[in-house]
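The block underneath contains the structure these notes are about, expressed in structure tokens.
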Amino acid sequence: MNIRNYYSLLDLNTFKVNVSAEFYINIQSENDLLKLLQNTSHKKIFILGGGSNILLTRNIKGLVIHNQIKGIKIKTETNKHIIVEIGAGEIWDQVVKWSTERNLYGIENLSLIPGYIGAAPIQNIGAYGTEIKDVFQELKAVNLKTKKTHFFNKFDCQFGYRDSIFKNKLKDKFIITKVTIKLSKINTLNLSYKAIKKELEKVNHKRFTSKDIREVIIKIRKQKLPDPKYIGNAGSFFKNPIVNQDILNQIKNLHPEVPFFKNNDQIKIPAGWLIEKLNWKGFRDKNCGVYNKHSLVLINYGNASGIDIVNLSKKIKQDVNQKFNIKLEEEVSII
Ligand code: FAD
Ligand code: EPU
């Protein structure tokens with residue numbers, strides 16, 4: 001195990017912010033992790049996955065543990081489903097690819113989401129009507145203080161919209177080492193999103209597989225989200241706000257076309273619409289800006305600092321609050 005000093009994190013965060021870790025270590029196995037935790041004197045520890053949901057505003061003090069624990073292990077298999085345990089450092093989209101290539105169902109709608117599977121339960125990743133909680137069985141995690149291993153089931157994780165116990169009560173307290181999910185062998189496609197149906201209508205056959213849906217989702221996502229390989233970003237910067245009927249009515253009076261989604265008494269308005277309505281789409285302030293194909297995505301044109309991006313996000317938040325009386329909440333973790 002090799003601890004590096006003043007290690008650059010430039011290529012390890014998708015916002016492409018140029019900061020460094022005071023100490024950095026790449027961990028490949030659970031055993032190495034436990035050994036490290038037993039022997040380390042570092043009090044400050046930051047866990048890094050694929051770096052696709054963080055905005056780094058400073059050099060990181062203490063030890064950055066880059067969790068690269070690998071492995072995909074089938075634990076149970078019946079004629080209806082399989083239960084798979086996956087190392088936290090596996091790349092999420094490779095797991096989706098693995099699943100669709102085996103004609104398994106459950107995570108195809110989550111295709112092309114960057115990052116590692118270890119971070120997926122933290123914000124309960126979601127897209128196109130599916131969230132990881134829908135296939136989640138349990139996760140294994142080490143308590144950073146006691147160094148003991150714990151298992152968390154779905155109930156323990158307290159999943160919500162882009163939320164879990166690991167963003168609240170247990171924030172920064174555990175390092176997730178394994179995630180177990182249940183995939184179906186039976187065709188259980190979730191085609192509830194209009195954009196998916198529209199794409200499928202163009203294809204000349206009726207029975208679709210998870211692999212077909214993966215291809216459709218990849219196509220849709222590529223049309224509106226920037227590829228972090230070329231443009232620094234962390235996906236949606238804010239969550240879509242949940243509003244009450246009064247706020248919706250006030251906005252409707254001025255903008256009858258406002259899109260909104262009702263689910264179990266909750267009303268969600270797309271933050272991207274609110275931001276676009278206030279003319280931020282395509283806005284550029286020196287080194288950072290708002291993506292011109294999707295206003296919920298803030299981008300780094302090259303040399304922006306984390307602080308530059310935070311300052312832009314604050315201006316947008318303030319504008320949305322003043323004009324629509326809605327307080328946007330960050331989805332990205334600002335460090
Ligand atoms: P990181 O950014 O490395 O970490 C995120 C947080 O989790 C940090 O606080 C970190 O300390 C903590 N963490 C990471 N790994 C562990 C671990 N093993 N144990 C404990 N804590 C840990 N998200 C969606 O939900 N839906 C989308 O459709 C979506 N689309 C995106 C599109 C783009 C282009 C981008 C750049 C991002 C998108 N995201 C989306 C956000 C992001 O990809 C997900 O949140 C992803 O799960 C983050 O994984 P990561 O490994 O990169 O986490
Ligand atoms: N819209 C605009 N202008 C824009 C962007 C969006 O008006 O510039 C409006 C449109 O009305 C559009 C609606 O917003 O129909 C919804 O847009 P989109 O389908 O792109 O989805 P989103 O609500 O912006 C959410 C997630 C995404 C996820 C997609 C697909 C959040 C915060 N974001 O985005 O997740 O991929 O749905 O399900 O919930 C992420 O979390 O990083 C992320 C990319």
Side-chain angles (χ1 to χ4, degrees), residues 9 12-15 27 33 45-56 60 64-69 87-93 109-132 139-142 144 161-164 166-167 170-179 192-196 217 220-229 231-241 257-261 268-277 280-282 290-297 299 328-335:
L9 299 177
L12 300 179
N13 73 95
T14 62
F15 249 127
I27 283 292
L33 174 69
I45 290 181
F46 178 75
I47 314 301
L48 180 66
S52 65
N53 210 27
I54 51 174
L55 175 57
L56 301 168
I60 308 285
V64 170
I65 300 181
H66 196 186
N67 185 334
Q68 302 225 291
I69 299 169
E90 289 286 349
I91 292 172
W92 169 257
D93 194 49
N109 290 26
L110 303 176
S111 290
L112 212 64
I113 297 181
Y116 299 171
I117 187 165
I122 291 182
Q123 76 151 359
N124 181 25
I125 56 165
Y128 299 97
T130 299
E131 292 177 319
I132 193 171
L139 63 80
K140 195 175 176 189
V142 182
L144 285 169
Y161 164 59
R162 297 292 190 274
D163 202 22
S164 78
F166 301 103
K167 283 188 95 176
L170 300 185
K171 188 170 162 44
D172 300 328
K173 301 241 183 308
F174 280 85
I175 171 159
I176 296 170
T177 56
K178 301 264 164 82
V179 177
S192 54
Y193 264 61
K194 249 196 241 152
I196 304 180
I217 300 269
I220 297 171
R221 291 180 65 102
K222 281 188 171 167
Q223 283 161 5
K224 51 178 154 187
L225 293 170
D227 183 342
K229 239 194 263 162
I231 304 175
N233 79 95
S236 301
F237 195 89
F238 300 105
K239 293 185 198 178
N240 285 330
E257 77 287 6
V258 58
F260 63 91
F261 305 95
K268 243 191 236 169
I269 298 184
W273 182 88
L274 297 168
I275 297 168
E276 176 169 351
K277 207 70 206 165
W280 287 97
K281 198 173 196 168
V290 178
Y291 191 47
N292 60 6
K293 292 185 194 151
H294 204 299
S295 355
L296 197 44
V297 182
I299 57 175
L328 290 180
E329 219 183 283
E330 290 77 9
E331 175 190 305
V332 170
S333 291
I334 298 171
I335 315 280

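Counting starts at 1 for both ligands and their atoms, following the listed order.
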Next on the checklist: For atom 51 (O) of ligand 1, what's the nearest protein heavy-atom neighbour? Residue, atom name and distance, please.
Outcome noted: Gly50 N, 2.7 Å

Checklist outcome for this item: Closest to atom 13 (N) of ligand 1 by heavy-atom distance, out of Thr177, Ile122, Asp172, is Ile122

Next on the checklist: What protein heavy atom lies closest to atom 17 (C) of ligand 1? Include the residue and the distance to one decimal.
Outcome noted: Ile47 CG2, 3.6 Å

Item to check | For atom 3 (N) of ligand 2, the protein heavy atom that lies nearest, with its residue and separation | outcome: Glu276 OE1, 2.6 Å

Checklist entry - Considering only the protein, which heavy-atom contact is closest to atom 42 (O) of ligand 2, and what is its distance? => result Ser236 N, 2.9 Å

Please set out all donor-acceptor pairs under 3.5 angstrom arising from side-chain atoms of residues 120-132, sequence neighbours excluded.
unit_1: Gln123; atom_1: OE1; unit_2: Asn53; atom_2: ND2; d: 3.3
unit_1: Gln123; atom_1: NE2; unit_2: Glu331; atom_2: OE2; d: 3.1
unit_1: Asn124; atom_1: OD1; unit_2: Ile132; atom_2: N; d: 3.4
unit_1: Asn124; atom_1: OD1; unit_2: Lys133; atom_2: N; d: 3.1
unit_1: Asn124; atom_1: ND2; unit_2: Glu131; atom_2: OE1; d: 3.3
unit_1: Asn124; atom_1: ND2; unit_2: Gly160; atom_2: O; d: 2.8
unit_1: Glu131; atom_1: OE1; unit_2: Lys133; atom_2: NZ; d: 3.4

Item to check | Minimum-distance protein heavy atom relative to atom 40 (C) of ligand 1 | outcome: Ile113 CG2, 3.7 Å

Checklist entry - What is the closest protein heavy atom to atom 9 (O) of ligand 1, and at what distance does it sit? => result Ser333 OG, 3.9 Å

Checklist outcome for this item: So the atoms of ligand 1 within less than 4.0 Å of a heavy atom of Ala127 turn out to be 28 (O)

Checklist entry - Going by heavy atoms, is Ser236 under 4.0 Å from ligand 1? => result no

Checklist entry - Which residue supplies the protein heavy atom nearest to atom 26 (C) of ligand 2, what is that atom called, and how far is it? => result Arg162 NH2, 3.2 Å

Checklist outcome for this item: atom 14 (C) of ligand 1 sits nearest the protein heavy atom Ala119 CB, 3.7 Å

Checklist entry - Within the structure, does at least one protein heavy atom fall under 4.0 Å of atom 10 (C) of ligand 2? => result no

Next on the checklist: Please list the nearest protein heavy atom to atom 18 (N) of ligand 1 with its residue and the distance rounded to 0.1 Å.
Outcome noted: Ile176 O, 3.0 Å

Checklist entry - Nearest heavy atom to atom 23 (N) of ligand 1: which of Lys224, Arg162, Gln123 does it belong to? => result Gln123

Checklist entry - For atom 1 (N) of ligand 2, which protein heavy atom lies nearest, and how many Å away is it? => result Trp273 N, 3.7 Å

Checklist entry - atom 27 (C) of ligand 1: which of Gly126, Gly232, Gly235 has the nearest heavy atom? => result Gly126

Checklist entry - By side-chain hydrogen bond (donor to acceptor under 3.5 Å, both in side chains), which residues pair with Ser192, not counting sequence neighbours? => result Asn190

Checklist outcome for this item: atom 6 (C) of ligand 1 sits nearest the protein heavy atom Ile54 CG2, 4.4 Å

Checklist outcome for this item: Closest to atom 28 (O) of ligand 1 among protein heavy atoms sits Arg221 NH1, 2.9 Å

Item to check | Which segment of Tyr161 sits under 4.0 Å of ligand 2 when only heavy atoms are counted | outcome: side chain

Next on the checklist: If you measure every N or O of Lys293 against every N or O of ligand 2, does any of those distances drop under 3.5 Å?
Outcome noted: no

Checklist entry - Got the closest protein heavy atom to atom 41 (O) of ligand 2, with its distance? => result Glu331 OE1, 2.7 Å

Checklist entry - Going by the order shown, which atoms of ligand 1 are within less than 4.0 Å of some heavy atom of Gly115? => result 49 (O), 50 (P), 51 (O), 52 (O)

Checklist entry - Heavy-atom distance from atom 32 (C) of ligand 2 to the protein below 4.0 Å? => result yes

